[in-house]
There are 2 protein chains.
Amino acid sequence: MELLNDMALFVEVVKANSFSRAAEALDMPNSTLSRRISLLEKEIGLRLLHRTTRRLELTEAGQIYFERSKRIVEEARLAHEQLGEMVAQPTGTLRVSMPVDFATTYVAPLLPRFATLYPGLAFEFDLTPRNVDLVAEPFDLAIRMAKPESPNLIARVIARVSAELYAAPEYLARDGIPAHPAELEGRQCLTMHTLASWALYSGSEAFEAKVGSRFACNSVAMIRRLTTLGMGIAFLPERVVAEDLQAGRLVSILSAWRGHPSSVYAVTETRLLPAKTQRFIEFLQEELRSE
Amino acid sequence: MELLNDMALFVEVVKANSFSRAAEALDMPNSTLSRRISLLEKEIGLRLLHRTTRRLELTEAGQIYFERSKRIVEEARLAHEQLGEMVAQPTGTLRVSMPVDFATTYVAPLLPRFATLYPGLAFEFDLTPRNVDLVAEPFDLAIRMAKPESPNLIARVIARVSAELYAAPEYLARDGIPAHPAELEGRQCLTMHTLASWALYSGSEAFEAKVGSRFACNSVAMIRRLTTLGMGIAFLPERVVAEDLQAGRLVSILSAWRGHPSSVYAVTETRLLPAKTQRFIEFLQEELRSE
DNA sequence: GCCGATATTGCCATATACGGAATAATCAAT
DNA sequence: ATTGATTATTCCGTATATGGCAATATCGGC
């Protein structure tokens, strides 16, 4: 189907009823236009228009071809316009995969605003902890706490979060309040893995505490819950425990120290994104910048 | 609309569900195919398919685009097939302009066969003596007794006719039977123009007779009629007067001499002819070859 | 008959697209 | 885990098409 483009040129020539005007409308040299139409005719094997310098007349074949072609070209234009809409205007369903804790803590509070901003958008959130396959599964976007190693994926930083140290008053009453990160190493530190190191800094001072506890779990929600139950010390972003702080279930400790900020990434499979995805990423970046 | 061709390629890729198979089906290198699809996506601004080396999956945009594109491409294929039909199979109406005398004498007897050969064809004959404008008027074909001077027109020889000399027995009884072309010059010779020369030859002998008469007319039918009425000598192809010879209204004179064969041309505006025109020209050439 | 408009053709420098091979990457099988 | 086969992509030299300009031819109106 090598002659589809020429078909569009032909339609333009017929509509303009002139090669030179069509060339102008198409913004191409009339020499090219003339040559292309001639080639089209040679390819088809039929003359499409009788031409004199003054007049253009469709041949019988040209009339038939024009009637069909103009519809085809018009439909193609509509198809591209529709895709253009997708680029310009968020529509359809936005499918996002992200960690459940990030979703509930950071994304959920923003959703009402974003959803009212684009009433046409629907949402599907997948909060399973697994790393979804952005290629095989129909996700527009994944939010990851670490940069993906695959070079094919596009990762944009949408937030930078840093953890701080928290514990329940009961726990502190029992084990005492540490005065320096070094003192963490003997304590019950609720970590994601059985062995971990918490990199802390205070001003220009840095300290890496090798920590651990009898409880390790890969769920922030669980760590938080255990902490409020007085099981140990947690190293979490403030936003995660904001409610607990307000309610007095947790208090900040070693508040001069904090973790190094780590990035949260919006990961996509390509840069050629529909508007819904682009707007969502931009929105998250904007709203989470302060974190 | 620079991306119509690529649209067809995209459809093929989706249908084949593979770049390499699509490339094979399209008979093009897969490098080109891959590049074109990538450019299409870049042009549109959206990724159309997620691809790994093993699997192809349509994006949401790709699905929408495919649904529309496949219809468009299919319609285009149909359009071209329809034109292909016009090239291969005579259909529609064949519009021919030709001299009335040629039409009645030579073409008419052949028409029944040609018409039964192609039942789908209709005919429109314009027998006005004027030279029709093949460009401005919807004629597929003109038959001319002389080669057109315009170099833009395509002329094919469909017949070669040579005239011979005939007269009515009454005329010969009155004026005598000429024994040599030189004797023509004093006689009543019914010509198209007031002044004419009849170029005759017999074997290797040639003679150009400057002839004329009191009657000149630009109609073969009229000349024939006048001849049968004994008004003079006519210089016409045998076929024109065949009936008169059979009926004894005319007899051949100086039958060793005949005119130089002159060509009859089928004239078209282009070589890119629909089947109906091509078949008609071929048919005439075939049937009139013996003349 | 002349003049302006217009399609076509030719030319050539340049840009673009192509084609083939190499590369990278994925998935299945062992 | 590793290998191997399959497949999309990338690279790069080359071929092709384009664009701009001018010349040509021709039409149609004055």
Side-chain angles (χ1 to χ4, degrees), chain A residues 2-6 9-10 12-14 16-43 47-59 62 131 133-137 148-154 269-272, chain B residues 2-6 8-10 12-14 16-43 47-59 62 131-137 148-154 269-272:
Chain A
E2 194 48 64
L3 16 115
L4 274 192
N5 283 343
D6 296 341
L9 301 185
F10 169 69
E12 199 60 39
V13 169
V14 175
N17 197 38
S18 151
F19 273 77
S20 48
R21 278 195 298 276
E24 198 174 350
L26 291 161
D27 192 29
M28 60 161 54
N30 51 9
S31 57
T32 301
L33 184 58
S34 172
R35 190 157 24 80
R36 296 233 57 105
I37 299 291
S38 290
L39 287 175
L40 174 64
E41 289 177 324
K42 211 161 283 167
E43 190 65 32
R47 180 141 282 216
L48 296 172
L49 0 96
H50 293 301
R51 23 204 192 282
T52 68
T53 53
R54 276 310 214 210
R55 211 182 321 185
L56 282 187
E57 309 235 1
L58 284 167
T59 62
N131 270 14
D133 182 350
L134 282 169
V135 176
E137 299 177 71
E149 63 277 5
S150 168
N152 294 344
L153 297 174
I154 316 296
E269 190 252 347
T270 170
R271 288 189 200 281
L272 298 170
Chain B
E2 194 48 64
L3 16 115
L4 274 192
N5 284 343
D6 297 341
L9 301 185
F10 169 69
E12 200 60 39
V13 169
V14 175
N17 196 39
S18 151
F19 274 77
S20 49
R21 279 195 297 277
E24 198 172 350
L26 291 162
D27 192 29
M28 60 161 53
N30 52 7
S31 58
T32 301
L33 184 57
S34 172
R35 188 158 24 78
R36 299 227 59 111
I37 299 292
S38 290
L39 287 176
L40 173 65
E41 289 177 324
K42 210 161 283 166
E43 190 65 31
R47 181 140 281 215
L48 296 172
L49 5 94
H50 294 300
R51 28 203 190 280
T52 67
T53 53
R54 278 310 217 209
R55 210 182 322 187
L56 280 188
E57 310 237 0
L58 282 168
T59 63
N131 270 13
V132 298
D133 181 351
L134 282 170
V135 176
E137 299 177 70
E149 65 276 4
S150 168
N152 294 344
L153 297 173
I154 316 297
E269 191 251 347
T270 169
R271 288 188 199 283
L272 298 169

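Chain A is the first sequence line, chain B the second, and so forth, proteins listed ahead of strands; every chain is numbered from 1. The analysis underlying the following values was restricted to heavy atoms, covering all of them including side chains, and did not include hydrogens, waters or symmetry mates.
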Completion exercise
Those residues at least two apart in sequence (or on a different chain) that pass side chain to side chain contact (heavy atoms under 4.5 Å, CB included) with A:L272 are A:T270, B:E41, B:R47
Would you list the protein and nucleotides 23-27 of chain C atom pairs, both N or O, that sit under 3.5 Å from each other?
unit_1: C:dT26; atom_1: OP1; unit_2: A:N152; atom_2: ND2; d: 3.1
unit_1: C:dT26; atom_1: O4'; unit_2: B:T53; atom_2: OG1; d: 2.9

Practice task
Using atom CD of B:E12 as one end and atom P of D:dA8 as the other, report the distance to the nearest whole Å.
Solution key: 14 Å
I'd like a table of atom pairs between the protein and nucleotides 17-19 of chain D - only N or O on both sides, under 3.5 Å - with the distance next to each one.
unit_1: D:dT18; atom_1: OP1; unit_2: A:R36; atom_2: NH1; d: 2.3
unit_1: D:dT18; atom_1: OP2; unit_2: A:R35; atom_2: NH1; d: 3.0
unit_1: D:dT18; atom_1: OP2; unit_2: A:R36; atom_2: NH1; d: 3.1
unit_1: D:dG19; atom_1: OP2; unit_2: A:T32; atom_2: OG1; d: 2.8

Practice task
Apply ring pair (Phe, Tyr, Trp, His ring centres under 6.0 Å) to A:F10 and list each qualifying residue two or more places apart in sequence or on a separate chain.
Solution key: A:Y65
Problem - Between D:dT26 (C1') and A:L56 (CG): distance, integer Å - result: 14 Å
Exercise for the section: Can you run down the salt bridge (charged side-chain N to carboxylate O under 4.0 Å, His left out) pairs that involve residues 27-40 of chain B, sequence neighbours left out, and say none if there aren't any? Expected result: B:D6-B:R36
Completion exercise
When rounded to whole Å, the CD to P distance for the pair B:E24 and C:dG20 reads 14 Å
Problem - Nearest-Å distance for atom pair CZ/P, residues A:R21 and C:dT6 - result: 7 Å
Handout entry: Partner residues of A:S31 under the side chain to side chain donor-acceptor pair (under 3.5 Å) criterion, sequence neighbours left out
Key = none
Practice task
Go through the structure and list residues passing side chain to side chain donor-acceptor pair (under 3.5 Å) with A:N30, not counting sequence neighbours.
Solution key: none
Handout entry: Interatomic distance where CZ belongs to B:R47 and C1' belongs to D:dT9 [whole Å]
Key = 11 Å
Exercise for the section: Just jot down the salt bridge (charged side-chain N to carboxylate O under 4.0 Å, His left out) partners of A:E12, sequence neighbours excluded, or say none. Expected result: none
Fill in the blank from the handout: Atom CD of A:E57 and atom P of D:dC27 are separated, to the nearest Å, by 13 Å
Completion exercise
Atom CG of B:N30 and atom C1' of C:dG20 are separated, to the nearest Å, by 10 Å
Handout entry: Side-chain N,O (A:S18) to OP1/OP2 (C:dA7) below 4.0 Å
Key = yes
Practice task
Figure out the CG/C1' separation between B:L33 and C:dA17, and round it to whole Å.
Solution key: 14 Å
Practice task
Compare all side-chain heavy atoms of A:L9 with those of A:L40 and state whether any distance is below 4.5 angstrom.
Solution key: no
Exercise for the section: Quick one: closest heavy-atom pair of A:V13 and A:A22, and the distance? Expected result: CA-CB, 3.6 Å
Practice task
Not counting sequence neighbours, which residues clear side chain to side chain donor-acceptor pair (under 3.5 Å) with A:T59? List them please.
Solution key: none
